[in-house]
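These notes are about the structure you will find just below.
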Amino acid sequence: MSEVARYSRRLVMGAGLAMTATVALGSALGGVAFAADAVKLGVSIPAATHGFTGGIVWWANQAKAELEKAHPNLKITVKTASGAPEQANQLQDLVTVTKIDSLVIFPFESAALTQPVMQAKKKNVYVTVVDRGLTDPSAQDAYIAGDNTAFGRIPAEYIAKKYNGKANIVALRGIPTTLDNERWEAFTAVMKQHPDIKILDAKYANWNRDDAFKVTQDFLTRFKEIDVIWAADDDMAFGVLKAIEQAKRTDIKEVFGGAGSKTMVKTIMDGSNPLLHADVSYSPKFIYDAIKMTAEARLKGDKLPATYIIPSALITKENAKEFYFADSPY
(Lines give C-alpha, C1' and ligand atoms only; values in the text may rest on other atoms or scores of the structure.)
Protein backbone atom coordinates (compact mmCIF):
# COMPACT_ATOMS: atom_id res chain seq x y z
CA MET A 1 0.00 0.00 0.00
CA SER A 2 1.35 3.44 -0.94
CA GLU A 3 2.14 6.08 1.68
CA VAL A 4 -0.67 8.27 0.32
CA ALA A 5 -3.12 5.39 0.58
CA ARG A 6 -2.03 4.62 4.12
CA TYR A 7 -2.50 8.23 5.20
CA SER A 8 -5.87 8.36 3.47
CA ARG A 9 -6.95 5.23 5.31
CA ARG A 10 -5.80 6.74 8.60
CA LEU A 11 -7.73 9.95 7.89
CA VAL A 12 -10.96 7.97 7.48
CA MET A 13 -10.53 6.77 11.07
CA GLY A 14 -11.31 10.33 12.20
CA ALA A 15 -14.96 9.16 12.32
CA GLY A 16 -17.80 11.62 12.84
CA LEU A 17 -16.25 15.01 12.14
CA ALA A 18 -14.39 13.88 9.05
CA MET A 19 -17.51 12.11 7.79
CA THR A 20 -19.57 15.27 8.24
CA ALA A 21 -17.03 17.27 6.28
CA THR A 22 -16.97 14.63 3.54
CA VAL A 23 -20.74 14.70 3.23
CA ALA A 24 -20.62 18.48 3.02
CA LEU A 25 -18.01 18.22 0.29
CA GLY A 26 -20.16 15.79 -1.65
CA SER A 27 -23.11 18.15 -1.44
CA ALA A 28 -21.01 21.08 -2.55
CA LEU A 29 -19.69 19.21 -5.55
CA GLY A 30 -22.90 17.46 -6.45
CA GLY A 31 -24.61 20.22 -8.41
CA VAL A 32 -24.48 20.95 -12.08
CA ALA A 33 -21.24 22.75 -13.01
CA PHE A 34 -19.21 23.62 -16.06
CA ALA A 35 -15.75 22.08 -16.19
CA ALA A 36 -12.82 24.43 -16.62
CA ASP A 37 -10.73 24.11 -19.80
CA ALA A 38 -7.56 24.39 -17.73
CA VAL A 39 -6.62 25.29 -14.19
CA LYS A 40 -3.50 27.13 -13.07
CA LEU A 41 -3.18 26.41 -9.37
CA GLY A 42 -0.63 28.18 -7.18
CA VAL A 43 0.51 26.59 -3.91
CA SER A 44 2.13 28.94 -1.40
CA ILE A 45 3.64 27.33 1.71
CA PRO A 46 6.37 27.91 4.32
CA ALA A 47 9.82 26.52 3.56
CA ALA A 48 11.03 23.36 5.32
CA THR A 49 12.51 25.16 8.32
CA HIS A 50 11.51 22.40 10.75
CA GLY A 51 10.04 18.92 10.72
CA PHE A 52 6.38 19.79 10.29
CA THR A 53 6.91 22.23 7.43
CA GLY A 54 9.28 19.66 5.91
CA GLY A 55 6.28 17.35 5.81
CA ILE A 56 4.15 20.14 4.33
CA VAL A 57 6.65 20.67 1.48
CA TRP A 58 6.93 16.92 0.83
CA TRP A 59 3.16 16.39 0.66
CA ALA A 60 2.67 19.48 -1.55
CA ASN A 61 5.11 18.14 -4.10
CA GLN A 62 3.49 14.70 -3.90
CA ALA A 63 0.17 16.34 -4.77
CA LYS A 64 1.71 18.26 -7.68
CA ALA A 65 3.28 15.13 -9.18
CA GLU A 66 0.21 12.93 -8.83
CA LEU A 67 -2.42 15.47 -9.85
CA GLU A 68 -0.58 16.83 -12.89
CA LYS A 69 -0.11 13.26 -14.09
CA ALA A 70 -3.80 12.54 -13.63
CA HIS A 71 -5.02 15.84 -15.15
CA PRO A 72 -3.13 17.10 -18.24
CA ASN A 73 -5.09 20.38 -18.13
CA LEU A 74 -3.89 21.15 -14.60
CA LYS A 75 -0.71 23.13 -13.89
CA ILE A 76 0.44 23.42 -10.27
CA THR A 77 3.16 25.87 -9.21
CA VAL A 78 4.59 25.30 -5.71
CA LYS A 79 6.36 28.19 -3.96
CA THR A 80 8.05 27.97 -0.55
CA ALA A 81 8.89 31.01 1.58
CA SER A 82 11.14 31.48 4.61
CA GLY A 83 9.09 34.38 6.01
CA ALA A 84 5.90 36.39 5.61
CA PRO A 85 7.40 39.18 3.41
CA GLU A 86 8.85 36.62 0.99
CA GLN A 87 5.55 34.76 0.85
CA ALA A 88 3.67 38.00 0.10
CA ASN A 89 6.07 38.77 -2.77
CA GLN A 90 5.75 35.25 -4.15
CA LEU A 91 1.99 35.51 -3.99
CA GLN A 92 2.08 38.68 -6.08
CA ASP A 93 4.27 36.89 -8.65
CA LEU A 94 1.91 33.93 -8.76
CA VAL A 95 -0.97 36.27 -9.61
CA THR A 96 0.74 38.70 -12.00
CA VAL A 97 3.45 36.56 -13.64
CA THR A 98 2.26 32.94 -13.42
CA LYS A 99 -1.34 34.17 -13.76
CA ILE A 100 -2.88 31.58 -11.48
CA ASP A 101 -6.67 31.31 -11.29
CA SER A 102 -6.70 29.24 -8.08
CA LEU A 103 -4.62 29.34 -4.91
CA VAL A 104 -3.91 27.02 -1.99
CA ILE A 105 -2.04 28.95 0.69
CA PHE A 106 -0.61 27.91 4.04
CA PRO A 107 0.09 31.40 5.45
CA PHE A 108 3.41 31.95 7.19
CA GLU A 109 1.60 34.40 9.48
CA SER A 110 -2.08 35.28 9.63
CA ALA A 111 -2.11 39.07 9.86
CA ALA A 112 0.77 39.71 7.44
CA LEU A 113 -0.73 37.57 4.67
CA THR A 114 -4.37 38.62 4.94
CA GLN A 115 -4.12 41.70 2.72
CA PRO A 116 -1.93 40.03 0.02
CA VAL A 117 -4.42 37.15 -0.18
CA MET A 118 -7.30 39.62 -0.33
CA GLN A 119 -5.63 41.31 -3.30
CA ALA A 120 -5.39 37.95 -5.07
CA LYS A 121 -9.05 37.21 -4.43
CA LYS A 122 -10.00 40.62 -5.84
CA LYS A 123 -8.33 39.51 -9.09
CA ASN A 124 -10.77 36.58 -9.27
CA VAL A 125 -8.38 33.98 -7.88
CA TYR A 126 -10.19 31.17 -6.06
CA VAL A 127 -8.58 30.93 -2.59
CA THR A 128 -8.26 27.94 -0.27
CA VAL A 129 -6.54 28.80 3.01
CA VAL A 130 -4.93 25.93 4.90
CA ASP A 131 -4.33 25.61 8.63
CA ARG A 132 -3.19 29.12 9.59
CA GLY A 133 -6.35 31.14 9.04
CA LEU A 134 -6.42 34.77 7.95
CA THR A 135 -7.53 37.61 10.19
CA ASP A 136 -10.28 38.44 7.68
CA PRO A 137 -12.09 35.26 6.49
CA SER A 138 -13.68 37.18 3.60
CA ALA A 139 -10.29 36.93 1.87
CA GLN A 140 -10.83 33.20 1.34
CA ASP A 141 -13.31 30.94 -0.44
CA ALA A 142 -12.55 27.84 1.62
CA TYR A 143 -10.67 26.90 4.79
CA ILE A 144 -9.12 23.47 5.42
CA ALA A 145 -7.36 22.68 8.67
CA GLY A 146 -6.62 20.21 11.39
CA ASP A 147 -8.74 20.48 14.52
CA ASN A 148 -6.83 23.19 16.37
CA THR A 149 -9.37 23.36 19.18
CA ALA A 150 -8.85 19.65 19.84
CA PHE A 151 -5.08 20.15 19.52
CA GLY A 152 -5.22 22.39 22.60
CA ARG A 153 -8.09 20.71 24.44
CA ILE A 154 -6.81 17.11 24.26
CA PRO A 155 -3.45 17.69 26.01
CA ALA A 156 -5.12 19.93 28.61
CA GLU A 157 -7.68 17.26 29.47
CA TYR A 158 -4.97 14.61 29.54
CA ILE A 159 -2.76 16.65 31.90
CA ALA A 160 -5.65 17.63 34.17
CA LYS A 161 -6.78 14.02 34.52
CA LYS A 162 -3.34 12.46 34.91
CA TYR A 163 -2.21 14.94 37.57
CA ASN A 164 -5.55 15.04 39.40
CA GLY A 165 -6.12 18.70 38.65
CA LYS A 166 -2.98 19.88 40.42
CA ALA A 167 0.25 20.84 38.63
CA ASN A 168 2.67 23.63 37.80
CA ILE A 169 2.84 24.09 34.02
CA VAL A 170 4.84 26.19 31.58
CA ALA A 171 3.87 26.37 27.93
CA LEU A 172 5.51 27.07 24.59
CA ARG A 173 3.41 28.62 21.85
CA GLY A 174 4.11 28.64 18.11
CA ILE A 175 4.00 31.66 15.79
CA PRO A 176 1.34 34.37 16.28
CA THR A 177 -1.44 32.96 14.09
CA THR A 178 -5.14 32.25 14.35
CA LEU A 179 -4.44 28.54 14.76
CA ASP A 180 -2.04 29.16 17.65
CA ASN A 181 -4.69 31.35 19.28
CA GLU A 182 -7.28 28.58 18.86
CA ARG A 183 -4.97 26.03 20.45
CA TRP A 184 -4.05 28.29 23.35
CA GLU A 185 -7.63 29.33 24.03
CA ALA A 186 -8.76 25.68 24.06
CA PHE A 187 -5.89 24.67 26.35
CA THR A 188 -6.48 27.47 28.86
CA ALA A 189 -10.27 26.98 28.79
CA VAL A 190 -9.76 23.49 30.21
CA MET A 191 -7.19 24.64 32.74
CA LYS A 192 -9.52 27.34 34.07
CA GLN A 193 -11.72 24.51 35.33
CA HIS A 194 -8.86 23.36 37.58
CA PRO A 195 -7.82 26.14 39.97
CA ASP A 196 -4.95 24.07 41.39
CA ILE A 197 -3.28 23.89 37.98
CA LYS A 198 -1.03 26.91 37.62
CA ILE A 199 0.25 28.06 34.22
CA LEU A 200 3.45 29.78 35.35
CA ASP A 201 4.23 31.32 31.97
CA ALA A 202 3.80 30.87 28.22
CA LYS A 203 6.11 32.15 25.48
CA TYR A 204 6.31 31.91 21.71
CA ALA A 205 9.04 29.59 20.45
CA ASN A 206 8.08 29.66 16.75
CA TRP A 207 7.62 25.89 16.37
CA ASN A 208 11.40 25.73 16.30
CA ARG A 209 13.64 23.33 18.24
CA ASP A 210 16.42 25.86 18.91
CA ASP A 211 13.99 28.58 20.00
CA ALA A 212 12.25 26.08 22.27
CA PHE A 213 15.60 25.21 23.85
CA LYS A 214 16.23 28.90 24.66
CA VAL A 215 12.71 29.54 25.96
CA THR A 216 12.93 26.45 28.18
CA GLN A 217 16.30 27.55 29.53
CA ASP A 218 14.60 30.76 30.66
CA PHE A 219 11.71 28.84 32.24
CA LEU A 220 14.10 26.52 34.08
CA THR A 221 16.06 29.47 35.43
CA ARG A 222 13.00 31.32 36.70
CA PHE A 223 10.85 28.46 38.00
CA LYS A 224 12.22 25.94 40.48
CA GLU A 225 9.20 23.62 40.51
CA ILE A 226 7.68 22.58 37.17
CA ASP A 227 5.60 19.44 36.76
CA VAL A 228 4.64 19.52 33.08
CA ILE A 229 5.82 21.42 30.02
CA TRP A 230 3.29 21.77 27.21
CA ALA A 231 5.53 22.19 24.18
CA ALA A 232 2.59 22.20 21.73
CA ASP A 233 4.78 20.87 18.90
CA ASP A 234 7.03 17.81 18.55
CA ASP A 235 10.04 19.75 17.27
CA MET A 236 9.73 22.14 20.19
CA ALA A 237 9.33 19.20 22.58
CA PHE A 238 12.75 17.83 21.61
CA GLY A 239 14.28 21.27 22.17
CA VAL A 240 12.62 21.28 25.60
CA LEU A 241 14.09 17.87 26.42
CA LYS A 242 17.58 19.05 25.53
CA ALA A 243 17.26 22.04 27.88
CA ILE A 244 15.99 19.83 30.71
CA GLU A 245 18.86 17.41 30.22
CA GLN A 246 21.45 20.18 30.16
CA ALA A 247 20.02 21.76 33.32
CA LYS A 248 19.90 18.36 35.05
CA ARG A 249 16.38 19.04 36.29
CA THR A 250 14.61 16.09 37.89
CA ASP A 251 11.37 17.75 39.03
CA ILE A 252 9.73 17.75 35.58
CA LYS A 253 7.46 14.76 35.17
CA GLU A 254 6.30 15.10 31.57
CA VAL A 255 6.74 16.96 28.28
CA PHE A 256 3.76 16.99 25.91
CA GLY A 257 4.46 17.91 22.28
CA GLY A 258 2.03 17.85 19.38
CA ALA A 259 1.43 16.82 15.74
CA GLY A 260 2.31 13.12 15.84
CA SER A 261 5.74 13.21 14.21
CA LYS A 262 7.32 9.90 13.29
CA THR A 263 10.09 10.26 15.88
CA MET A 264 7.70 11.24 18.67
CA VAL A 265 5.27 8.43 17.95
CA LYS A 266 8.08 5.88 17.82
CA THR A 267 9.45 7.15 21.14
CA ILE A 268 6.03 6.86 22.78
CA MET A 269 5.47 3.45 21.22
CA ASP A 270 8.80 2.15 22.55
CA GLY A 271 8.56 3.92 25.92
CA SER A 272 12.18 4.99 25.45
CA ASN A 273 11.98 8.42 27.10
CA PRO A 274 10.62 8.74 30.67
CA LEU A 275 9.28 12.25 29.98
CA LEU A 276 7.32 11.41 26.81
CA HIS A 277 4.06 9.54 27.33
CA ALA A 278 1.48 11.05 24.97
CA ASP A 279 0.97 13.26 21.94
CA VAL A 280 -1.84 14.63 19.77
CA SER A 281 -2.21 13.89 16.05
CA TYR A 282 -2.02 16.64 13.41
CA SER A 283 -0.69 15.33 10.10
CA PRO A 284 0.93 17.66 7.52
CA LYS A 285 -0.85 15.58 4.89
CA PHE A 286 -3.74 18.06 5.04
CA ILE A 287 -1.85 20.17 2.46
CA TYR A 288 -2.07 17.24 0.03
CA ASP A 289 -5.79 16.93 0.73
CA ALA A 290 -6.31 20.68 0.30
CA ILE A 291 -4.50 20.77 -3.05
CA LYS A 292 -6.33 17.69 -4.33
CA MET A 293 -9.76 18.90 -3.23
CA THR A 294 -9.22 22.39 -4.65
CA ALA A 295 -7.78 21.21 -7.97
CA GLU A 296 -10.48 18.64 -8.62
CA ALA A 297 -13.25 21.06 -7.68
CA ARG A 298 -11.88 23.81 -9.92
CA LEU A 299 -11.41 21.41 -12.84
CA LYS A 300 -15.15 20.80 -12.56
CA GLY A 301 -15.89 24.50 -12.16
CA ASP A 302 -17.11 23.84 -8.62
CA LYS A 303 -16.41 25.22 -5.15
CA LEU A 304 -15.48 23.62 -1.85
CA PRO A 305 -17.44 23.81 1.40
CA ALA A 306 -16.55 26.93 3.36
CA THR A 307 -14.85 24.85 6.09
CA TYR A 308 -13.34 21.35 6.24
CA ILE A 309 -11.87 20.23 9.59
CA ILE A 310 -9.65 17.15 9.99
CA PRO A 311 -9.94 15.59 13.47
CA SER A 312 -7.12 15.17 16.02
CA ALA A 313 -6.72 12.27 18.47
CA LEU A 314 -4.76 11.49 21.65
CA ILE A 315 -1.74 9.26 20.95
CA THR A 316 -0.53 7.00 23.77
CA LYS A 317 1.59 3.86 23.97
CA GLU A 318 -1.57 1.79 23.61
CA ASN A 319 -2.51 3.18 20.17
CA ALA A 320 0.77 4.69 18.91
CA LYS A 321 1.29 2.03 16.24
CA GLU A 322 -1.88 3.27 14.49
CA PHE A 323 -0.18 6.66 14.00
CA TYR A 324 3.30 5.46 13.04
CA PHE A 325 4.27 5.61 9.34
CA ALA A 326 7.89 4.57 8.91
CA ASP A 327 8.19 5.90 5.34
CA SER A 328 6.70 9.33 5.99
CA PRO A 329 8.96 12.42 5.97
CA TYR A 330 7.62 13.60 9.31
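No experiment lies behind these values; they were computed from the predicted model shown. Heavy-atom basis, side chains included; hydrogens, waters and symmetry copies ignored.
Residues M118 and V104 do not share a hydrophobic cluster, defined by chaining ILVMFWY side chains whose heavy atoms lie under 4.5 Å apart. The hydrophobic clustering, which links ILVMFWY residues whose side-chain heavy atoms are closer than 4.5 Å, places I199 and I159 together. Linking ILVMFWY side-chain heavy atoms closer than 4.5 Å, directly or via other members, places V78 and I144 in a single hydrophobic cluster. Connection of L314 to V190 is not established within any shared hydrophobic cluster, with ILVMFWY side chains joined at heavy-atom distances below 4.5 Å, either directly or through further cluster members.
Judged as a side chain to side chain contact (heavy atoms under 4.5 Å, CB included), and not counting sequence neighbours, the contacts of T49 are A47, T53. Annotation: side chain to side chain contact (heavy atoms under 4.5 Å, CB included) contacts of A243 (sequence neighbours excluded): F213, T216, Q217, L220. Annotation: salt bridge (Lys or Arg N to Asp or Glu O under 4.0 Å) contacts of D141 (sequence neighbours excluded): K121. Listed by chain and residue number, D136 satisfy the side chain to side chain donor-acceptor pair (under 3.5 Å) test with S138 (two or more places apart in sequence, or in another chain). Taking the side chain to side chain contact (heavy atoms under 4.5 Å, CB included) definition, one finds that A231 meets it with M236, A237, V240, V255, sequence neighbours left out. Residues that satisfy the salt bridge (Lys or Arg N to Asp or Glu O under 4.0 Å) test with E86, not counting sequence neighbours, are absent from this structure. Judged as a side chain to side chain contact (heavy atoms under 4.5 Å, CB included), and not counting sequence neighbours, the contacts of N319 are I315, T316, E322, F323. Remark: N148 pairs with R183, Y282 by the side chain to side chain donor-acceptor pair (under 3.5 Å) rule, at least two apart or across chains. R222 is linked by a salt bridge (Lys or Arg N to Asp or Glu O under 4.0 Å) to D201, D218, counting only residues two or more places apart in sequence or in another chain. Here K214 pairs with nothing under the salt bridge (Lys or Arg N to Asp or Glu O under 4.0 Å) rule; sequence neighbours left out.
Surrounding NZ of K162 are more than 12 heavy atoms belonging to other residues, nucleotides or ligands, all under 6.0 Å away. Counting heavy atoms of neighbouring residues, nucleotides and ligands inside a 6.0 Å radius, atom NZ of K64 exceeds 12 of them. Annotation for K69: atom NZ does not count as buried by contact number, only 12 or fewer foreign heavy atoms lying within 6.0 Å. When the shell of 6.0 Å around NZ of K262 is examined, it contains more than 12 heavy atoms from other residues, nucleotides or ligands.
Under the 6.0 Å distance and 45° angle rule, R132 does not count as a cation-pi partner of F106.
Judged by distance alone, the side chain of N208 and the main-chain N or O of D210 form a donor-acceptor pair under 3.5 Å. Checked by atom type and distance alone, the side chain of T177 pairs as donor or acceptor with a backbone atom of I175 at under 3.5 Å. No donor-acceptor distance shorter than 3.5 angstrom exists from the side chain of T294 to the backbone of I291, with no hydrogens or angles considered. A donor-acceptor pair is defined here as one N or O able to donate and one able to accept, closer than 3.5 Å; such a pair exists between the side chain of N273 and the backbone of L275. Remark: side-chain polar atoms of D234 are paired, donor with acceptor, to backbone N or O of S261 under 3.5 angstrom. In this structure a side-chain-to-backbone donor-acceptor pair under 3.5 Å is missing from S44 to I105. Remark: side-chain polar atoms of D235 are paired, donor with acceptor, to backbone N or O of G51 under 3.5 angstrom. The closest donor-acceptor contact from the side chain of D279 to the backbone of G260 lies under 3.5 Å. Between the side chain of D233 and the main chain of G257, no donor-acceptor pair closer than 3.5 Å is present. Without hydrogens or angle criteria, E225 side chain to N168 main chain gives no donor-acceptor distance under 3.5 Å.
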Audit row: L91, L103, side chain to side chain contact (heavy atoms under 4.5 Å, CB included) steps and yes/no: CA-CA 9 Å; L91 181 56; L103 172 70; 3.5 Å; yes

Please determine whether ring pair (Phe, Tyr, Trp, His ring centres under 6.0 Å) holds for the pair F187 and W230, giving the CA-CA distance in whole Å, both sets of side-chain angles, and the decisive distance to 0.1 Å. CA-CA 10 Å; F187 184 84; W230 183 44; 3.9 Å; yes

Walk me through whether I229 and I244 qualify under side chain to side chain contact (heavy atoms under 4.5 Å, CB included). CA-CA 10 Å; I229 298 179; I244 294 171; 4.0 Å; yes

Kindly determine whether E254 and Y158 satisfy side-chain hydrogen bond (donor to acceptor under 3.5 Å, both in side chains), including the steps that lead there. CA-CA 11 Å; E254 187 159 354; Y158 167 87; 2.7 Å; yes

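Residues L200 and F219 fail the side-chain proximity criterion, which asks for heavy atoms closer than 4.5 Å. Side-chain contact check for V95 versus Q119: every heavy-atom pair is 4.5 Å or farther apart. Under the 4.5 Å side-chain criterion, counting only non-hydrogen atoms from C-beta, F286 is in contact with D131. Two residues are said to be in side-chain contact when any heavy atoms from C-beta on lie closer than 4.5 Å; L304 and T128 meet this criterion. Looking at I169 and I197, their side chains come closer than 4.5 Å, going by heavy atoms from C-beta outward. Here the side chains of K79 and L94 are in contact, with some heavy-atom distance below 4.5 Å. When side chains are defined from C-beta on, F238 does not count as touching K242, because their heavy atoms never get closer than 4.5 Å. No side-chain heavy atom of Q140 sits under 4.5 Å from any side-chain heavy atom of V117.
E296 has no carboxylate O lying under 4.0 Å from a charged side-chain N of K300, or vice versa, which leaves the two without a salt bridge. Between R153 and E157 there is a salt bridge, since at least one side-chain N of the basic residue sits less than 4.0 Å from a carboxylate O of the acidic one. Salt bridge D302/R298: absent, no basic N to carboxylate O contact under 4.0 Å. By the 4.0 Å N-to-carboxylate-O rule, K40 lies too far from D101 to be salt-bridged with it.
Applying the salt bridge (charged side-chain N to carboxylate O under 4.0 Å, His left out) test to residues at least two apart or on different chains, the pairs with a partner in residues 168-182 are R173-D180. Counting only residues at least two apart or in different chains, side-chain hydrogen bond (donor to acceptor under 3.5 Å, both in side chains) contacts with residues 104-114 comprise T114-T135.
Nearest heavy-atom pair, I226 versus D251, reported as atom, atom and distance to 0.1 Å: N-OD2, 2.9 Å. When every heavy atom of P107 is checked against every heavy atom of L113, the shortest pair comes out as CB-CB, 4.1 Å. The nearest pair of heavy atoms linking I45 to A60 is CD1-CB, 3.7 Å. Across all non-hydrogen atoms, the minimal contact from A150 to P155 is O-CD, 3.9 Å. Heavy atoms only, all atoms of each residue included: S312 and V280 are closest at CB-CG2, 3.9 Å. Of all the heavy atoms in Y330 and G258, the pair that sits closest is OH-O, 4.1 Å.
Note: F151 CZ to S281 OG = 9.0 Å, rounded to the nearest 0.5 Å.
You'll find the ring centres of Y308 and Y143 outside the 6.0 Å limit. Proximity of the aromatic rings of W207 and F52 is defined here by a centroid distance below 6.0 angstrom, and this criterion is not met.
Checked by atom type, the side-chain pair T98/T77 shows no donor-acceptor distance below 3.5 Å.
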